[in-house]
Amino acid sequence: MPAPDDALRRSGRAARPDGSVVAVGEDVPPVAFGGREVVLVAGPCAVESREQVERTARAVVAAGAALLRGGAFKGRTSPYAFPGLGAEGLDVLRDVGRALGVPVCSEVLDAEHVAAFRGKVDLLQVGARNMQNVSLLRACGRSGLPVLLKRGLAATVEEWLLAAEYVMSEGNERVILCERGIRTFEPSTRATLDLAGVVVARQRTHLPVIVDPSHAAGRRALVPALGRAALAAGADGLIVEVHPDPDRALSDGPQALTPEDFEGLVADCRAIGQALGRPVLARA
Ligand code: PEP
Ligand code: MN
């Protein structure tokens, strides 16, 4: 049962029938999500080294990404998996993003870490496993930084929008939603990409909605098709994992595109964008 529309006081479509545009970029030219142009975000799952981020960033930006992603603090399923470089990883992202003139996005795991992200990243990512972490949502709402809110692995569209409402209720209107696949009975993909949920979200809220085909697919061979389908379904952008040497990646290697694969996906996005009247945003 959908909650009454007044539960979506700030995020509901009625608050801004024409949709909202969220600007991302503090010390670099800002990138607009939710406008006519679709935005491509790309980069490694995890920041592994300065060299790895530099190589990846140069390649994805040259190919057409407007924003760089990379996890510095990784909340892995296993406590024994690579946990990320932590604060050092944020410095790497900031340096590489500024050198290339693109904003950067990284996941924040804890409310206490939010302050440390200021001045380092341009977009705070709240991960699927944290979508209903109310204290983290509130801290992001008070951060003054835009927030990329991933949909939880088992969250309804309603719960996802109410999580956005938590951020907004702290005075932060700059929220971008991200569908990244939900858990179903289907084992042939890592998660089931819910494109219907993207359409529903775009009808119910004015916030931009982007899609992460990488975590939904779990395997690189599926990523381009899911990315293309997402744009055709009306997504305002994509966030894609790319690694220069996926077989050696410290996390999510099987779903990482190579820089060459990513170039191919960008070409597809440009063709789809042209058909839809929504070109891929070129870097400022
Ligand atoms: C990620 O973006 O690397 C990530 C962990 O995503 P999610 O929270 O969607 O699993
Ligand atoms: Mn990942």
Side-chain angles (χ1 to χ4, degrees), residues 39-48 52-53 56 60 65 67-79 81-86 89-90 92-93 104-110 113 117 121-133 136-137 140 147-155 157 159-160 163-164 167 175-184 189-195 197-198 201 209-220 222-223 226-227 230 235 237-258 261-262:
V39 179
L40 303 181
V41 182
C45 177
V47 173
E48 298 170 7
Q52 170 242 14
V53 175
T56 314
V60 298
L67 224 111
L68 175 65
R69 66 146 287 150
F73 295 86
K74 297 300 299 178
R76 305 298 300 282
T77 301
S78 162
F82 176 61
L85 297 183
L90 294 181
V92 169
L93 278 174
V104 300
C105 165
S106 199
E107 180 174 348
V108 58
L109 291 178
D110 295 303
H113 286 170
F117 277 59
V121 313
D122 303 279
L123 179 61
L124 290 173
Q125 178 175 323
V126 174
R129 289 156 193 79
N130 262 324
M131 189 207 81
Q132 286 184 311
N133 180 336
L136 178 62
L137 295 172
C140 289
V147 177
L148 180 67
L149 181 61
K150 295 264 194 129
R151 180 178 177 184
L153 278 78
V157 171
E159 288 161 345
W160 185 27
V167 177
V175 180
I176 301 161
L177 297 165
C178 179
E179 158 64 28
R180 45 79 71 215
I182 51 175
R183 186 156 284 180
T184 70
T189 47
R190 183 174 177 182
T192 296
L193 185 63
D194 183 15
L195 289 182
V198 171
V209 183
I210 70 167
V211 166
D212 173 347
S214 304
H215 289 87
R219 287 186 284 133
R220 89 177 52 89
L222 302 174
V223 170
L226 298 186
L238 301 178
I239 179 166
V240 180
E241 289 188 343
V242 178
H243 196 286
D245 188 357
D247 291 342
R248 299 222 175 116
L250 298 181
S251 79
D252 285 349
Q255 70 197 30
L257 295 186
T258 64
D261 297 332
F262 181 68

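Numbering of ligands and ligand atoms starts at 1, following listing order.
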Legend entry - Between Gln255 and Arg190, a side-chain donor and acceptor under 3.5 Å: yes
Inset, instruction - Tell me which N, O or S atom of Glu241 sits nearest to the Mn ion (ligand 2). - result: OE2
Legend entry - Atom of Asp252 nearest the Mn ion (ligand 2) (restricted to N/O/S, atom name only):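 Output for this pair reads OD2.
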Legend entry - Polar contact flag for Asp252 and ligand 1 (N/O pairs, less than 3.5 Å):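 No; the residue has no nitrogen or oxygen that sits under 3.5 Å from a nitrogen or oxygen of the ligand.
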Below 4.0 angstrom from a heavy atom of [X], which ligand 1 atoms are there? Numbered from 1 as shown, please.
X: Arg129; result: 7 (P), 8 (O), 10 (O)
X: Gly127; result: 8 (O)
X: Cys45; result: 3 (O)
X: Glu241; result: 1 (C), 3 (O)

Legend entry - side-chain hydrogen bond (donor to acceptor under 3.5 Å, both in side chains) partner of Asp212, chosen from Arg151, Arg69, Lys150: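 Among the candidates, only Lys150 passes.
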Legend entry - Residue of the set Arg220, Glu48, Arg248 for which side-chain hydrogen bond (donor to acceptor under 3.5 Å, both in side chains) holds with His243: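 Among Arg220, Glu48, Arg248, the one meeting side-chain hydrogen bond (donor to acceptor under 3.5 Å, both in side chains) with His243 is Glu48.
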Give me the residue, atom name and distance of the protein heavy atom closest to [atom].
atom: atom 2 (O) of ligand 1; result: Arg69 NH1, 2.7 Å
atom: atom 6 (O) of ligand 1; result: Lys150 NZ, 3.0 Å
atom: atom 8 (O) of ligand 1; result: Ala128 N, 2.7 Å
atom: atom 5 (C) of ligand 1; result: Glu107 OE1, 3.7 Å

Inset, instruction - Measure the shortest side-chain to side-chain distance between Leu193 and Val211 over non-hydrogen atoms and say whether it is less than 4.5 angstrom. - result: yes
Legend entry - Winner among His215, Arg151, Arg180 once heavy atoms are compared against atom 4 (C) of ligand 1: His215
Legend entry - Inter-residue atom distance Thr56.OG1 - Leu257.CG, 0.5 Å rounding: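 The CG atom of Leu257 is 12.0 Å from OG1 of Thr56, to the nearest 0.5 Å.
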Inset, instruction - Report the distance from atom OG1 of Thr189 to atom CG of Leu222, rounding to the nearest 0.5 Å. - result: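 With rounding to 0.5 Å, OG1 (Thr189) is 7.5 Å from CG (Leu222).
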Legend entry - Backbone of Pro213 reached by a side-chain donor or acceptor of Arg180 within 3.5 Å: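 Such a contact is absent between Arg180 side chain and Pro213 backbone.
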Inset, instruction - Give a yes or no answer on whether the side chain of Asp122 reaches the backbone of Val104 with a donor-acceptor pair at less than 3.5 Å. - result: yes
